[in-house]
Novice: 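Once you've had a glance at the structure underneath, I'll fire off some questions.
Hydrogens, waters and symmetry mates are skipped; everything else that's a heavy atom, side chains included, is used.
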Amino acid sequence: MKNILKYISLLFLGAAAVSCDFEDMPFDKYDSDFVFSNDKKAEGYVLGVYLGLPFDKSDENGYNRVDGAMLASASDEAMITVPGSSIVFLTDGSLTPRKSNPDGCWENNYKFIRDANIGIVGLEKLPEANHDLKLQLQAELKFLKAFFYFELVKRYGGVPLIDRAYELSDDLNVPRSSFAACVDYIAGLCDESYTDLPAPNNVNFGRASKGAALALKARLLLYAASPLYNGKGYDGSDNEFICYGSYDKKRLEGKTAGSPPRRPGRRWKTAAAAAAEVIRLGDYDIYKPNPVAETDRDEQVIASGSANYRKLFTVITGNKELILPRTSKVGNRVEIQNFPVGIPNGKGLTSPSQQMVDAYGTVTGQPIDDPESPYDRKNPYENRDPRFYASIFYNGQNWNGTTIETFRGGAHNNTNTSTRTGYYMSKFCGSEVVISGTPTNTNHCFPLFRYAELLLDYAEAVNEAYGPDVDPLGCGLTARDALKAVRSRVLRPSQSDVDAAEGDSDAMRAAIRRERRVELAFEDHRYYDVKRWKIADEVLSESIRGMQITKNGDTFSYQIVENVNSRQFSPKFYLYPIPNGDVVNNSAIRGNNPLW
């Protein structure tokens, strides 16, 4: 395929391993024979396709990938501190097919899917002596293609499936495939890539492994089993592009009050089995270098638990929780974007909501609304879940010798660019990083897949298919056990369980959803979780709440502000509209998603 680089990304030219080979080559000689002529060039090409994964510009914008905002600011987790971002298209109901969607990925992902298709074929040109490498690189491209398609499907439903690199002479009017066909196709790519991907302990950090392929399949099937895609669709149209059209005919035994009238048991079982495969690998574990002991005092539980959680996102060596991270070079951009306004160079772009703060329980593992918990409304930031201290900048916090002041008129809440809610986000930030004077740096790892998420995927699927207290797949974990494993990072062993009676799948469902909200906060899950659970019309239409803090001498008073930021959500937002230009230019698509 001559002049291949006229159609694909030149990004891989920046890879240190290959750039020198291209410096003196005329552009018109960059054809497939050249690119795939040896190991170094071929591997450089594949590394270029990895740039299609999310957070490709974290060196520049931290994790604020949605037009300067985090996706959390489109959910009930947070809001963007300073107005001006087009993320408001997702929160005020103003998105249209003709507007540029700040969370859209249609054009970008199809570009990288094309790159992957080109590479899979082009790698056949590698010399036979490179057979094993060829198979591995092809497997990486199949995994990446599966990832790109999953990101499309979770946003748009069924999409056109393109399994080869089209030429300009080809008919480019490719119809959408059904949601079911897309799920099957992506799952098949995961299976294909698994065969030739390396084991997790033999892979370069940040590249796909067998574990990554299985984790992607588990997430895909969890989504596919969820309420949004089962039944007649979010608009009741039974449209094959947005749903399966029906629940499984077979109902589970022991249905309890409040559960769906028919559960898609087979799909939940398939999702549970996929997650169990990752567990059986035995290569991953919850990262907790400072285990919490039963005899630890509350202060030590908070210190150890919060350190375990914070370091998860900055420590690479020995971190067996990261299945596939998106790494960036050592730096401090994440800290600059998120340190409070008032700390020199801190921008404080994300203001966590009071809803998010209230979701964090207590150091004893209880929700704050449990009357037996140690929560104190007059001192709301004491005795909280250790993950709170590793995720939220709050009033009175000691941060590297600086006392955070988010009370009205405080050092970190006295300008029109200060927090809108009384909080800033500290998750992902290095606790010892300095961003002014003589700056310091740290590693940053945004987890595209990590083991705690996998355990929560497993817990949800097993609970829905079988209930909370059975080990149906023989991997040594019930849904309850999986939840306890996640919580044990930050809580005493005896307090890592949740308040759900034995066999009560409804109570366990609520506990799992609450745990996902806290454990995976600000990691791009919540916005899509409430959609796939089909509760977004309730959750994402609720105004963002904040906390007004007033200093009275040496004491503080706290008053919840009910409407810091109004939100709108209509049913059509369960899936995004396909960009108008692609609908117009591809006659085979035949219209947009329902209600758009």
Side-chain angles (χ1 to χ4, degrees), residues 49-56 58 63 65 71 105 109 139-154 183 186-187 189-191 193-194 197-224 226 271-287 309 312-316 319-328 427-428 443-461 475 482 485-486 489 515-516 519-529 532:
V49 182
Y50 274 92
L51 295 178
L53 294 176
F55 304 101
D56 60 309
S58 58
Y63 298 140
R65 67 169 184 81
L71 185 62
C105 67
N109 281 29
E140 290 184 70
L141 291 174
K142 290 176 182 178
F143 167 82
L144 291 169
K145 185 162 72 165
F147 189 100
F148 301 145
Y149 269 122
F150 170 74
E151 291 294 309
L152 284 165
V153 169
K154 82 175 185 182
V183 171
I186 298 168
L189 285 174
C190 292
D191 291 340
S193 65
Y194 172 85
L197 284 172
N201 58 347
N202 294 323
V203 70
N204 291 330
F205 199 70
R207 291 175 65 174
S209 66
K210 290 182 182 297
L214 293 178
L216 173 56
K217 183 178 179 181
R219 186 188 291 176
L220 164 76
L221 296 178
L222 183 79
Y223 270 66
S226 297
E277 287 300 307
V278 184
I279 295 170
R280 289 196 189 96
L281 286 177
D283 291 301
Y284 302 107
D285 201 357
I286 295 296
Y287 182 75
Y309 191 69
L312 164 65
F313 305 101
T314 58
V315 171
I316 295 176
N319 191 339
K320 295 180 68 176
E321 183 164 342
L322 298 173
I323 298 175
L324 182 64
R326 189 65 148 118
T327 60
S328 56
K427 187 171 176 175
F428 310 116
N443 293 307
H444 293 100
C445 304
F446 192 97
L448 300 180
F449 297 98
R450 62 182 176 101
Y451 192 56
E453 182 217 336
L454 189 282
L455 289 175
L456 293 169
D457 293 349
Y458 173 85
E460 182 176 346
C475 63
V486 174
R489 185 207 314 272
E515 187 64 21
R516 283 187 72 94
E519 177 66 24
L520 304 179
F522 310 112
E523 293 181 42
D524 276 19
H525 289 284
R526 177 70 175 173
Y527 181 71
Y528 286 103
D529 275 348
R532 68 179 178 85

Novice: Say you draw a straight line from CG of L456 to CD of E515; how long is it, rounded to the nearest 0.5 Å?
Specialist: 6.0 Å
Novice: Report the distance from atom CG of L448 to atom CG of L53, rounding to the nearest 0.5 Å.
Specialist: 6.0 Å
Novice: Heavy-atom distance under 4.5 Å between the side chains of L455 and I279, does that happen here?
Specialist: yes
Novice: Has the side chain of Y451 got a donor or acceptor atom that lies under 3.5 Å from a matching backbone atom of Y287?
Specialist: no
Novice: Measure from the side-chain N and O atoms of K210 to the backbone N and O of A199, and report whether any donor-acceptor pair falls under 3.5 Å.
Specialist: no
Novice: Is the closest side-chain heavy-atom distance between N443 and V315 below 4.5 Å?
Specialist: no
Novice: Is any side-chain heavy atom of D457 less than 4.5 Å from a side-chain heavy atom of F449?
Specialist: no
Novice: Flag the pair R489 and E519 as a salt bridge only when some basic side-chain nitrogen lies within less than 4.0 angstrom of an acidic carboxylate oxygen.
Specialist: yes
Novice: Please find the pair of heavy atoms, one from S193 and one from A139, that lie closest to each other, and give the distance.
Specialist: CB-O, 3.2 Å
Novice: Taking the six-membered ring for Trp, is the centroid-to-centroid distance between F522 and F428 below 6.0 Å?
Specialist: no
Novice: State plainly whether the residues E453 and R450 are in salt-bridge range, i.e. N to O under 4.0 Å.
Specialist: no
Novice: To the nearest 0.5 Å, what is the distance between CG (L322) and CZ (F446)?
Specialist: 11.5 Å
Novice: Taking salt bridge (Lys or Arg N to Asp or Glu O under 4.0 Å) as the test, write out the residues that go with K142, two or more places apart.
Specialist: E192
Novice: What about the rings of Y223 and F150, do their centers lie closer together than 6.0 Å?
Specialist: yes
Novice: Distance from L214 atom CG to D191 atom CG, nearest 0.5 Å?
Specialist: 8.0 Å
Novice: Going by the angle between their ring planes, with limits at 30° and 60°, are F147 and F143 parallel, tilted or perpendicular?
Specialist: tilted
Novice: I need the minimum non-hydrogen distance between V278 and A215, along with the two atoms involved.
Specialist: CG2-N, 3.7 Å
Novice: Where do Y284 and S209 come nearest, in terms of heavy atoms and distance?
Specialist: OH-OG, 3.5 Å
Novice: Taking C-beta and beyond as the side chain, do T327 and C445 meet within less than 4.5 Å on heavy atoms?
Specialist: yes
Novice: Taking the side chain as C-beta and beyond, is there a heavy-atom pair between Y63 and E523 under 4.5 Å?
Specialist: no
Novice: What pair of heavy atoms forms the shortest contact from A213 to L197, and how long is it?
Specialist: CB-CD1, 3.9 Å
Novice: Can you see which heavy atom on A274 is nearest to which on L221, and at what distance?
Specialist: CB-CD1, 3.9 Å
Novice: Would you indicate whether the side-chain heavy atoms of C105 and L152 approach each other to under 4.5 Å?
Specialist: yes
Novice: Could you check if a side-chain atom of D283 sits within less than 4.5 angstrom of a side-chain atom of K320, using non-hydrogen atoms only?
Specialist: no
Novice: Got a second to check how far N319's CG is from F313's CZ, nearest 0.5 Å?
Specialist: 9.5 Å
Novice: Would you name the heavy atoms of K427 and A521 that are closest together and state the gap between them?
Specialist: NZ-O, 2.6 Å
Novice: Sub-3.5 Å donor-acceptor pair from the side chain of K145 to the main-chain atoms of L189, do we have one?
Specialist: no
Novice: Indicate yes or no for a side-chain donor-acceptor contact from R65 to the backbone of P54 under 3.5 Å, with no hydrogens or angles considered.
Specialist: no
Novice: What's the verdict on side chain to side chain contact (heavy atoms under 4.5 Å, CB included) for E460 and R516, showing C-alpha distance, side-chain angles and the deciding distance?
Specialist: CA-CA 10 Å; E460 182 176 346; R516 283 187 72 94; 3.9 Å; yes
Novice: Quick one: are K154 and R532 in side-chain contact, heavy atoms under 4.5 Å?
Specialist: no
